There are 2 protein chains.
Amino acid sequence: MNSSQSTLLLIVLAASLGALAFAVWLARWVLGRDRGTREMQVISNAIQQGAEAFLARQYKTITALALVVAVLIWVGYSQFRQTTTGDPVGDPGLLALYVTGSFLLGALSSGIAGFMGMWISIRANIRTAAAATTSLNAALQAALRGGAVSGFFTVALSLLGVAGLFAVLQAFQPADLTADEWARRIPFLIVGYGFGASFVALFAQLGGGIYTKAADVGADLVGKVEAGIPEDDPRNPAVIADLVGDNVGDCAGRGADLFESTAAENIGAMILGVLLYPYFGIGGILFPLVIGAFGLLASIVGVVVVRTREDADPMAALNRGFYVVSALVALALYVTTRWLLNPANAPDAWWHYFICGLIGLATAFAFLLITQYYTEYRYRPVLGIAEASQTGPATNIIAGLAVGMESTVLPVITISIAIIASYMLGQSSGLVNEAGEPVGGLFGTAVATTGMLGTAGYILAMDVFGPITDNAGGVVEMSGQSDRVRATTDRLDAVGNTTKALTKGYAIGSAALAAFLLFSAYLDEVRNYTGTELTVNLAKPHVFVAGLLGAMLVFWFTSLAMTAVRKAAQSVITEVRRQFREKPGIMQGTDQPDYARCVDIVTIGALRAMVLPGLLVVASPIVVGLVFKQFGIGAEAVAGFLMIATITGIITAVFLNNGGGAWDNAKKYIETGAYGGKRSDAHKAAVVGDTVGDPFKDTAGPSLHVLIKLLATITLVLAPMFI
Amino acid sequence: MNSSQSTLLLIVLAASLGALAFAVWLARWVLGRDRGTREMQVISNAIQQGAEAFLARQYKTITALALVVAVLIWVGYSQFRQTTTGDPVGDPGLLALYVTGSFLLGALSSGIAGFMGMWISIRANIRTAAAATTSLNAALQAALRGGAVSGFFTVALSLLGVAGLFAVLQAFQPADLTADEWARRIPFLIVGYGFGASFVALFAQLGGGIYTKAADVGADLVGKVEAGIPEDDPRNPAVIADLVGDNVGDCAGRGADLFESTAAENIGAMILGVLLYPYFGIGGILFPLVIGAFGLLASIVGVVVVRTREDADPMAALNRGFYVVSALVALALYVTTRWLLNPANAPDAWWHYFICGLIGLATAFAFLLITQYYTEYRYRPVLGIAEASQTGPATNIIAGLAVGMESTVLPVITISIAIIASYMLGQSSGLVNEAGEPVGGLFGTAVATTGMLGTAGYILAMDVFGPITDNAGGVVEMSGQSDRVRATTDRLDAVGNTTKALTKGYAIGSAALAAFLLFSAYLDEVRNYTGTELTVNLAKPHVFVAGLLGAMLVFWFTSLAMTAVRKAAQSVITEVRRQFREKPGIMQGTDQPDYARCVDIVTIGALRAMVLPGLLVVASPIVVGLVFKQFGIGAEAVAGFLMIATITGIITAVFLNNGGGAWDNAKKYIETGAYGGKRSDAHKAAVVGDTVGDPFKDTAGPSLHVLIKLLATITLVLAPMFI
């Protein structure tokens, strides 16, 4: 290990450990808050039990699946592959060990990140509820810091995993390689880490997403629509399951999602950094980790500075925090590009890449603005859906679908500009190969992605803030607090809905940008193994067909996810109807509903339903790769499959997320009194749209984020099998 | 002109003219049927007036747009293009003239085909209604033969246009070329014909589709849902507009659609035939036209043999006709491949291509079966939607969306197998170039497409059968006929709904197969102009971004089409409410509703709404081509844009068509008495799904078929601009 390398790794490891320590401090701070009244605790305990029981069972299933996949990877690498001269290590058994080991470590870390998100949020919810009895600021801080525990833990763990693996593998440097030569091979050995993380994330997001929306839809249809009782009413037997869902879906799911985003992006960017080793040395390979480390520190500052006056809009306080983080990340980009991406023979390179990083930050901003425009009722799209609700549910649905589809336009244009601009900045950075051709283009897109993900810690804190405030509202409602307290949690809940929508926009934007980076890493990896450049020629029938299959996978997966929600919701409805029928006392408030049974039913339904779509995603690229390998075109067909699945996935996810968000807020807008307000026909129509939007925005949409990255990481890991 | 060429052209021209003559005979036969009672005639006349008024205004708009485009093509070709040595004619002015002229001719022919479809169907509807008073067989024959007039006219005109242009251009053979050399260039000169046809088809299908569903949705929401009167009730002021819609949407629209399918496919296949000139001579270039000619004759036989017993299922009779046509087309493929695709140095070629043709026929069958499975209530998907309707409209919608998405899986697999199998059969046909590489693969996919489209005439007859029977039912209902007559038209109407759904499956299947052929023609054309092979490398950022934009276009267009329907329907609702309010006598039957005003409002709304999405589709590939040309990657970026738009378009169209069809039949299933039958809550929920499905299956879905082919033909025509 040379000194520059050790310095950089030290920075990354120190920052990650520091952030973890800070997360622990924050967690202790949150746990030290008041736990409220006994009534609150009863409810909170029920949520806690349900969430923990679900996660325990979910993790059991995922562990079994992950072990099977690990064995398959190991067998595939060690037994069935022809070794090539391009292999990063010559011994196939050793190569299999590295890839499989990093897969398992990635899976484990992703699981821990998801668990932590859920662990803190089921504890922060009651403290937020209790804090709401004293002040808005106290509640805001409790919820945001609860979210920050999850955010910092997740991002720090991701950095720690990649940097730690890197550091550990250095110790195994083969005798015939120099330290630097070995360092250039390590990224190819740890690609399994990203796959492991995505693998767990997919099931976590999918299972959690099905759980949360099955409970939500079921509780709403049978409670609000049939029995005519309000949301979060304690008489509804499915209400605890609904509150559990927020934790296991939004917290655990999104935690695992962003964990693997950063892990996969870092590894992908490192692989592209290897290509530029002649110019940047190890600094180029470790650059994404260093930016990640600085971004984490910036996020800490952001969370600490957030505070609000009692009469102010809490969203403004959260936005201020985000501006602070973005400014600090920009500063970090400036310093780091000057330091690490500044070779003597290309004096303009650093500022080209600095601008690439700023493009990434700007892309994040643009996605937040576009998401706001399409999902808030201050703007035309949501108002149009509300207006269409006057002529009934059918026009509400048509309008919502149209808004969702239209909302793909600006994000696609944004991503297009970001990719092309950062690529061209990279190309013109002055880095040229021996033949005089520019070679820095793809690294430009990698730097843009790095810049965009620099704020991930803070974004994730804002995201987990959502379910915490949502739960706090439920606890307050069910424990019968005063109207003043409810008003406080309602305000925070509204902000939480906004942050949840925004972070989904951020997540898909960064996934889209990262996707291009991950393809490039795939192509790079194939070149490393085969020694020849891979083109992905859509004009070949086999590649075109593979692309067609990729696009179809996205639709199929979405269909399965939505059907899973519908069926699990159906079983909730059947159960609640049974309880109402058999215990008429529930509706009079004289008899206690059986919450646990509903929790149980959703748990079983969600876990059963997540397996098929999950395995479909994992198996598809493998089947495509192995089948088309028979036609002598495996690696290229898989690339076509991956790219078109990604394109379709990005667009479908944006459609689902924004469509769902828009329906939700169209209903909220009518509830403010428009078109007859609550209980009007327009409101009834809007409730239909909102219900349809639930699996859109909280099950299928977010699962597609993970799907995109899982396809990319699985192909990265299995590329050597398809060649 | 050498003798083989003139023989082949003669066959094609004779068959087309024969089919036209037969269509005229059929039309006279239909017009000779009884025109029913005076009450029937009043209604039929009102429909006729509305349809003609719409088409007149629509064609005015389309003519203006087409002239603008013609000028742009002419200016672009003659003024702004750099001529290359690969140009099919040296003089840019002459080249511009050929391309522009064939564009205008294609547009004109497509317009005539659409007009004829509408013209006969508004005359056949009343004769079918009158025939229903005597027997089922008489009504079936009147409707099918009415449909056949449109079907034969359309397909014959398409063949006549392409073959006629070919024959005419031969007269302009330049002095420095032999007849055969010149014949090999002609396909590149008449690419404009396909573009002209698609251009008109897009607006015809889009405008007609918006019209028909705006009237339908508007009439249903305000009539069935608000006023509680049955469908086709004469008290509903929008009822005539609804009946007009069937003619202008389904007849005129689908006629133009299949016209341009056959035209574009023929030209594309001819371009691929040019490549194989060394092996097949002119026979390979004219092969698709010859198969088209035989297919037309086969379709005539099919229509003539259809007859039904009074107690039999009319669908069985239609199916028998289809089997006859398919068997005859298979025979024609056998004869023609042996004759034209049988070079001495590749003795196995003919039967390889014969099997390719059979694959095309089998693909048509597979699409019909898959469409049946997903849209008929004998099978699981529709039954699932009906079951989900019990818990309200939200679960009905979720179930329908999921079914639509799932229904993309089998069609994609079918198309994938068809493309790869026919490609590989072509590759192994024994045709090799000087370097010994196989070159017959792409022509294999062309032959498969030709085989699939061989039955187009009969399919189109079955398709137009749908709106004729639908209208006949409306005429019978509104003129107050006996229950027995209604029962007869109801049976035919049910069959018509099935044939409409099936032909949509056929149309998208053939579009998917043709799409691959049209890309290949595009790549071939670019090679002809530039002299170098074009690869479409998705790994390049610009190509990837172009693909992203292509997928986005499909979503954007769908959004605009659905919004157009919603807004136009909204204006119908407003108008009908006004009439009910101002003339209370309408509901008592003492006052006459103002049908014409509703017709007028939908006409204006639909025409205004079709322009923006239509121009978006035309402008997008041009903008992409010209912008990316600045980065030096115009032709390749356009290819990426085209291919991914096509993939997304195929899948989205299948989703929309089948989803809409499934919702429709889930409602019909409940109306048979399931889950409480008519007026139950489940039925109300199913009506919501059916209404959402209307713009899916009759506006956005079919318009996407045309969009796919328009993108392909526009890029074919403008390829020389992007190089």
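None of the values given here were measured: they were computed from a predicted structure.
When heavy atoms are compared at a cutoff of 4.5 Å, A:L549 approaches chain B by way of both its backbone and its side chain. Only the side chain of A:F631 comes within contact range of chain B, judged by heavy atoms closer than 4.5 Å. In this structure, chain B has a heavy atom under 4.5 Å from the side chain of A:Q570, while its backbone stays farther away. Proximity to chain B (any heavy atom under 4.5 Å) is shown, for A:S520, by neither the backbone nor the side chain. Contact of A:L538 with chain B is made through backbone and side chain together, with heavy-atom distances under 4.5 Å. In this structure, the portion of B:I573 lying under 4.5 Å from any heavy atom of chain A is its side chain and not its backbone. Using a 4.5 Å cut-off between heavy atoms, A:L548 touches chain B through backbone and side chain atoms alike. Only the side chain of B:I415 comes within contact range of chain A, judged by heavy atoms closer than 4.5 Å.
Two residues are said to be in side-chain contact when any heavy atoms from C-beta on lie closer than 4.5 Å; A:L513 and A:I419 meet this criterion.
Remark: the A:N396 side chain and the A:W663 side chain contain an N/O donor-acceptor pair separated by less than 3.5 Å.
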Worksheet entry | Residue pair B:F655, B:F696: steps toward the ring pair (Phe, Tyr, Trp, His ring centres under 6.0 Å) verdict | CA-CA 8 Å; B:F655 157 59; B:F696 269 52; 5.7 Å; yes

Worksheet item: Are A:F628 and A:F641 close enough, and set up right, to give a ring pair (Phe, Tyr, Trp, His ring centres under 6.0 Å), and what steps lead you there?
Response: CA-CA 11 Å; A:F628 284 85; A:F641 175 83; 9.0 Å; no

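Ranked by non-hydrogen atom pairs under 4.5 Å with chain B, the options A:N537, A:T646, A:I413 are led by A:N537. Of the listed residues (A:T395, A:V222, A:V543), the one with the most heavy-atom contacts under 4.5 Å to chain B is A:T395. Between chain A and the options B:F519, B:F544, B:W556, the largest number of non-hydrogen pairs under 4.5 Å is found for B:F544. Among the candidates B:A551, B:P393, B:G392, B:A402, the residue making the largest number of heavy-atom pairs closer than 4.5 Å to chain A is B:A402. Taking chain A as the reference chain and counting heavy-atom pairs below 4.5 Å, the highest number among B:H542, B:M562, B:M405, B:K540 is found for B:M405. Interface summary for chain A: among B:L534, B:L442, B:L560, B:T408, the most heavy-atom pairs under 4.5 angstrom belong to B:T408. Of the residues considered (B:G384, B:P541, B:G550, B:S416), B:P541 shows the highest number of contacts with chain A, using heavy-atom pairs under 4.5 Å. Of the listed residues (B:I420, B:T563, B:T691), the greatest number of heavy-atom pairs within a distance under 4.5 Å of chain A belongs to B:I420. Among A:V403, A:V409, A:I397, the residue making the largest number of heavy-atom pairs under 4.5 Å with chain B is A:V409.
B:L553 pairs in a side-chain contact (heavy atoms from CB on, under 4.5 Å) with only one of the listed residues (B:T648, B:L616, B:I644), which is B:L616. With A:K213 as the partner, the salt bridge (charged side-chain N to carboxylate O under 4.0 Å, His left out) test is satisfied by one option alone out of A:D698, A:D220, A:D690: A:D698.
The minimum heavy-atom distance between B:I708 and B:A515, with the atom names listed, is CG2-CB, 4.1 Å. Among all heavy-atom pairs drawn from A:L221 and B:T391, the shortest one is CD1-O, 3.9 Å. For the pair B:L272 and B:A446, the tightest heavy-atom approach, listed with the atom from each and the gap, is CD1-CB, 4.0 Å. For B:G426 against B:C356, the heavy-atom pair with the smallest separation is N-SG, 4.4 Å.
The pair B:K567-A:E387 does not count as a salt bridge, with every side-chain nitrogen at least 4.0 angstrom from each carboxylate oxygen.
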